[in-house]
Amino acid sequence: MTFNAEAVWQALRGVMDPEIPVVSVVELGIIRAVTIAGGRVTVAMTPTFAGCPALAVMQAEVETVVLALGAEAVEVRLQLSPPWTTDWIAESARDKLKGVGLAPPVKHGGLIQLILTEAATCPYCGSTQTELRNSFGPTLCRSIYFCQACRQGFEQFKAL
Amino acid sequence: MIAPPHPALAPQLLALADDELILGHRDSEWCGHAPILEEDIAFANLAQDELGHAALWYRLVEQLSQARPDHLVFFRQAKHYRCAQLVTLPKGDWAYAMLRQFLFDAAEAVRLPGLAASRYAPLAETAAKIQTEEIYHLRHTRAWVRRLGLGTEESHRRMQAALDALWPYALQLFVPLTDEAALTAAGLVPAAAAMQQEWEALAGATLHDAGLVIPAGAEAVAQDRREIGPHLPGLLDEMQAVARLEGPEVGW
């Protein structure tokens, strides 16, 4: 065997979310475990939003990169529990989200209801003089806001 | 295939899946037709979420019964669907669509925590997964129920008409399925009667705030989910048309 779990994790850091191509599946926090038995690799992956079409794309991409490492077989196993939360998004990814104009999700520690009314911070100018225009956006994971300070719309990654 | 903890569990989960699928399809009919762009986007999101939830429930049905989700969705006849009639109703006007979604979301808000406590772990895990996404649904539809109920004379009139029409259909969401009592006794699903009470309190509070009156003495439109009502066959004709043209060997 020429690779170990760390090599698999390293390869997975190159698999990007197709809807947010600056963030990898590892940074998103959706890879829950990597196990290797002989030449067989099992990757436990948890869905972000249940209806997100990117999941199937990422699943296929994970298979491809792990096979490219020389694995004989790879299984991407869907794991629902514990359910994914945006709190698992890595700090490094939160900065990258801001960089592409997407406000990172508010950390909620499991109490989403409490942060729903919190003002979003504009990823362009940093102002909190913002208002929610729509809880729903161009993908399942985004809400639409408007910044009163720099007078432009922006999206926020929806807390889950 | 997992050994089912109770033979009635797969049919129970199938009913949940069918509700989500058919409502998702009805919601998708607003895409391109909602009164404002934001709501066009919102309803497309709601539709996609419900389809995602349906897919998770069908996955459990598959684990228990080996019935393939693609087959259940695209190659099953209307008479074998087990959705409540509420979700089959044509999309109606905006007030009607919003109220239906609200009544369903409120039912989910009550049902999912109960299911998340199921003794059957895969069911509990799936319910827990869906639960957080639903927070955004109820928040959205609740705000719209208030907005339309307290809006203009016309919006109020339409909301009250929608409530009069939809309430008996919504009540069917809590009519126990065959053997549901046995599932409840086994700790697999929450008790229907208690959920209905909780739902009436939850939905009733918002409806009251919106100046709407729940029709008195209403009864569930049907006692048995085998009565599918007149609207499902037409919906399936459209939803299944392409899959039936391509044949069952194509993956969806």
Side-chain angles (χ1 to χ4, degrees), chain A residues 19 29-30 32 44-56 59-60 76-88 105-118 120 131-146 153 155-160, chain B residues 17 20-21 23-24 27-28 30-31 34 36-60 62-63 101 105 109 112 116 118 120-144 251-252:
Chain A
E19 287 177 346
I30 63 172
R32 305 310 301 159
M45 196 166 164
T46 195
T48 54
F49 285 72
C52 180
L55 183 69
Q59 234 169 334
V76 182
R77 199 165 50 76
L78 205 62
Q79 181 181 320
L80 293 183
S81 183
W84 182 77
T85 156
T86 45
D87 282 4
W88 292 349
V106 176
K107 290 200 172 174
H108 55 79
L111 301 167
I112 295 175
Q113 300 277 11
L114 292 185
I115 53 99
L116 283 179
T117 51
E118 212 166 284
E131 62 183 51
L132 177 68
R133 286 290 167 87
N134 195 349
S135 290
F136 300 96
T139 67
L140 293 182
C141 58
R142 304 181 197 192
S143 302
I144 302 173
Y145 284 81
F146 186 79
E155 292 165 8
Q156 181 176 45
F157 203 116
K158 211 187 263 184
L160 197 69
Chain B
E20 304 260 22
L21 171 74
L23 183 60
D27 285 347
S28 76
W30 282 101
C31 191
I36 52 174
L37 178 62
E38 282 78 0
E39 284 312 304
D40 213 296
I41 293 168
F43 256 65
N45 272 257
L46 293 172
Q48 202 179 334
D49 274 339
E50 305 300 18
L51 292 183
H53 301 167
L56 289 182
W57 292 130
Y58 285 124
R59 187 170 159 261
L60 290 191
E62 182 179 31
Q63 288 169 0
Q101 186 67 36
D105 290 344
L112 290 170
S118 171
Y120 182 51
L123 168 53
E125 289 172 6
T126 303
K129 169 66 198 147
I130 295 174
Q131 213 176 327
T132 43
E133 295 181 17
E134 285 291 332
I135 292 173
Y136 291 95
H137 291 203
L138 186 60
R139 176 177 176 238
H140 189 73
T141 52
R142 185 187 262 162
W144 267 98
W252 297 93

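Naming: A, B, ... by sequence-line order, numbering from 1 per chain.
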Step-by-step side-chain contact (heavy atoms from CB on, under 4.5 Å) determination, B/E38 to A/F136: CA-CA 8 Å; B/E38 282 78 0; A/F136 300 96; over 6 Å; no

Cut-off 4.5 Å, heavy atoms of chain A, and the answer for B/A42 is both

Interface moiety of B/L51 toward chain A, non-hydrogen atoms closer than 4.5 Å: neither

Within this structure, what is the CD-SG distance for the pair A/E19 and A/C52, rounded to the nearest 0.5 Å? 4.5 Å

Distance (rounded to the nearest 0.5 Å) between A/L114 CG and A/H108 NE2: 10.5 Å

Look at A/I112, A/L80, A/L116 and state which one has the largest set of heavy-atom pairs under 4.5 Å with chain B. A/L116

Best-contacting candidate, A/S81, A/P53, A/S135, against chain B by heavy atom pairs under 4.5 angstrom: A/S81

Mark yes or no for whether A/T85, through its side chain, and A/D87, through its backbone, hold a donor-acceptor pair below 3.5 Å. yes

Looking at B/H137 and B/L46, would you say the former's side chain and the latter's main chain have a donor-acceptor pair under 3.5 Å? no

[X], part contacting chain B, at a heavy-atom distance under 4.5 Å:
{"X": "A/P82", "value": "neither"}
{"X": "A/L140", "value": "both"}
{"X": "A/T139", "value": "backbone"}
{"X": "A/L55", "value": "neither"}

Ring-face cation contact, A/W88 with A/R32, 6.0 Å cut, 45° max: yes

